[in-house]
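The structure under discussion appears below in the form of structure tokens.
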Amino acid sequence: MTKLAIVGAGAIGQLIASQLSSTFDVHFITRRTNFNSLWQVETASQQRQQYSAPVITAADDLQQFELVIVCVKAYQVVDAVLPLLDKLNPHCHILLLHNGMGPHLALMAHIGERGLSLGTTSQGALLTSPQRVTHTGLGLTQLGHLHGKPLNSSLKQQLLAAIPQSQWHPDIINALWQKLAINAAINPLTALEQCKNGQLAASTYKQHIDQIVTELHQVVTRDNIVLDKAALLTRIYDVIQLTANNYSSMYQDIAHQRRTEIDYINGYIVTRAQQHHLDVPFNFALVTQIKKLEKKPANRNN
Ligand code: KPL
């Protein structure tokens, strides 16, 4: 069996590890001290299955791995991956699977010719205790090549066969921007308005959503990425409808006084805009407002 390491034993790390565990020899690389080698996945229909995988640290032998999948939050990626680079086999491929965009730019400066792929998943996963994850919903997982030596085709086929509803995308940056547009529109507005995703279908928010997407569209166009603005808006409203009853991850991060991923969502739009000397005032204001909320003590009921 091919040896594969998952960096990060959070909700998505545990879920992906369970999906890969019958095909690969899965290990966890984690700094979490409250995670041991056993975990449980519960499906939406409350069926439970137990899994186990060795837990190692960056100090252990990492030469054995052919693939490392990084499932930590966007703001943890660089710190989690840099200390591993010298210890990994030079042929080991790295796959980043997180919300938002940005860490790939910082990593590419250090990665040399090592193969790097990126991915995004809309599978729902909720950690209900340190070693138990609930698989709250199926959803598309898109993976694709970014840099260096491409992932070998047999590994790629095994990954796609093991992760439900997964596909290889020929232009992963384009796919990631589409997902980022959804998160940029839904996440900060729900966190600021303290509402479920579905509330954003109200006409009050139409102008805000339009402004977020208009600014994003100006930025990607300067990055030579072709996206259709009307199609982005349709997809955003589809997701608002499909997830109407959910609280977005940013709403939950603010409610639980955790750091949000704003720097890698609307903040990434701002960073790319600055590169092109473009103004994106609405996205900039959202970043500022969410950062203020991150600093406030919680006074919410979730
Ligand atoms: O990905 C999400 C998130 O909350 O981060 C959406 C799609 C907005 C669903 O809640």
Side-chain angles (χ1 to χ4, degrees), residues 8 10-16 44 70-77 96-103 118-128 133-143 163-166 169 172 175-202 205-206 208-213 216 227 231-269 283 286-287 289-291 293-294 300 302:
I12 289 293
Q14 289 186 31
L15 179 67
I16 294 287
V70 182
C71 298
V72 295
K73 296 275 188 186
Y75 51 80
Q76 297 168 323
V77 169
L96 305 183
L97 193 61
H98 58 77
N99 259 346
M101 292 175 79
L118 304 180
T120 174
T121 184
S122 299
Q123 295 197 79
L126 187 70
L127 216 54
T128 49
V133 65
T134 302
H135 191 190
T136 50
L138 280 170
L140 189 64
T141 298
Q142 292 176 304
L143 311 172
I163 303 175
Q165 292 185 27
S166 60
H169 200 290
I172 193 64
L176 292 181
W177 270 111
Q178 292 185 42
K179 176 72 173 20
L180 188 133
I182 295 168
N183 291 125
I186 299 177
N187 294 19
L189 292 178
T190 51
L192 292 168
E193 295 291 313
Q194 300 186 39
C195 67
K196 288 185 175 175
N197 295 355
Q199 196 170 315
L200 300 184
Y205 301 108
K206 188 179 173 307
H208 295 342
I209 294 179
D210 218 62
Q211 185 73 20
I212 293 167
V213 175
L216 176 146
L227 288 176
L232 285 179
L233 284 167
T234 304
R235 205 167 151 201
I236 290 165
Y237 281 103
D238 284 349
V239 174
I240 288 175
Q241 209 95 59
L242 284 168
T243 63
N245 228 5
N246 294 6
Y247 288 105
S248 77
S249 55
M250 198 170 289
Y251 171 101
Q252 295 182 49
D253 286 339
I254 291 291
H256 293 106
Q257 290 180 279
R258 295 187 296 242
R259 182 173 172 186
T260 72
E261 296 174 299
I262 193 75
D263 285 333
Y264 300 87
I265 301 177
N266 307 77
Y268 189 64
I269 300 174
N283 281 284
L286 289 172
V287 174
Q289 289 171 60
I290 291 292
K291 282 183 176 290
L293 273 189
E294 276 178 340
R300 292 147 190 256
N302 187 311

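Just so you know, these numbers come straight off a predicted model, no measurement behind them. In each ligand, atom 1 is the first atom listed, and ligand 1 is the first ligand listed.
Every atom of ligand 1 is numbered from 1 in the order shown, and the set under 4.0 Å from a heavy atom of Asn99 is 5 (O). Close approach of ligand 1 to Ser248 (heavy-atom distance below 4.0 Å) involves ligand atoms 4 (O), 10 (O). The distance from ligand 1 to the heavy atoms of Asn187 drops below 4.0 Å at these ligand atoms: 3 (C), 4 (O), 5 (O), 8 (C). Shown in contact with Val239 at under 4.0 Å from a heavy atom are these atoms of ligand 1, numbered in order with element: 7 (C). Those atoms of ligand 1 that come under 4.0 Å of a heavy atom in Lys179, given as number and element, are 1 (O).
Using a 4.5 Å heavy-atom cutoff, the side chains of Pro188 and Gln289 are not in contact. Using a 4.5 Å cut-off on side-chain heavy atoms (C-beta onward), Ile12 and Val133 make no contact.
Taking 4.0 Å as the cut-off, Glu261 does not count as a neighbour of ligand 1 on heavy-atom distance.
Closest approach of Gly10 and Leu127 over heavy atoms only: C-CD1, 4.1 Å. For Leu216 against Asn283, the heavy-atom pair with the smallest separation is N-ND2, 4.5 Å.
Between the side chains of Thr141 and Ser166, no donor-acceptor pair is found at a separation under 3.5 Å. Residues Tyr205 and Glu193 bring a donor and an acceptor atom of their side chains to less than 3.5 Å of each other.
Of the options Thr121, Asn183, Ile240, the smallest heavy-atom separation from atom 1 (O) of ligand 1 is shown by Asn183.
The shortest N/O to N/O separation between Ser249 and ligand 1 falls below 3.5 Å. For ligand 1, the polar-atom distance check against Asn197 finds a nitrogen or oxygen pair separated by under 3.5 Å.
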Show the atom names and distances, to 0.1 Å, of all donor-acceptor pairs under 3.5 Å that link a side chain in residues 236-245 to residues at least two apart or in another chain.
| from | atom 1 | to | atom 2 | distance (Å) |
| --- | --- | --- | --- | --- |
| Thr243 | OG1 | Asn197 | ND2 | 2.9 |
| Thr243 | OG1 | Val239 | O | 2.7 |
| Asn245 | OD1 | Lys196 | NZ | 3.0 |

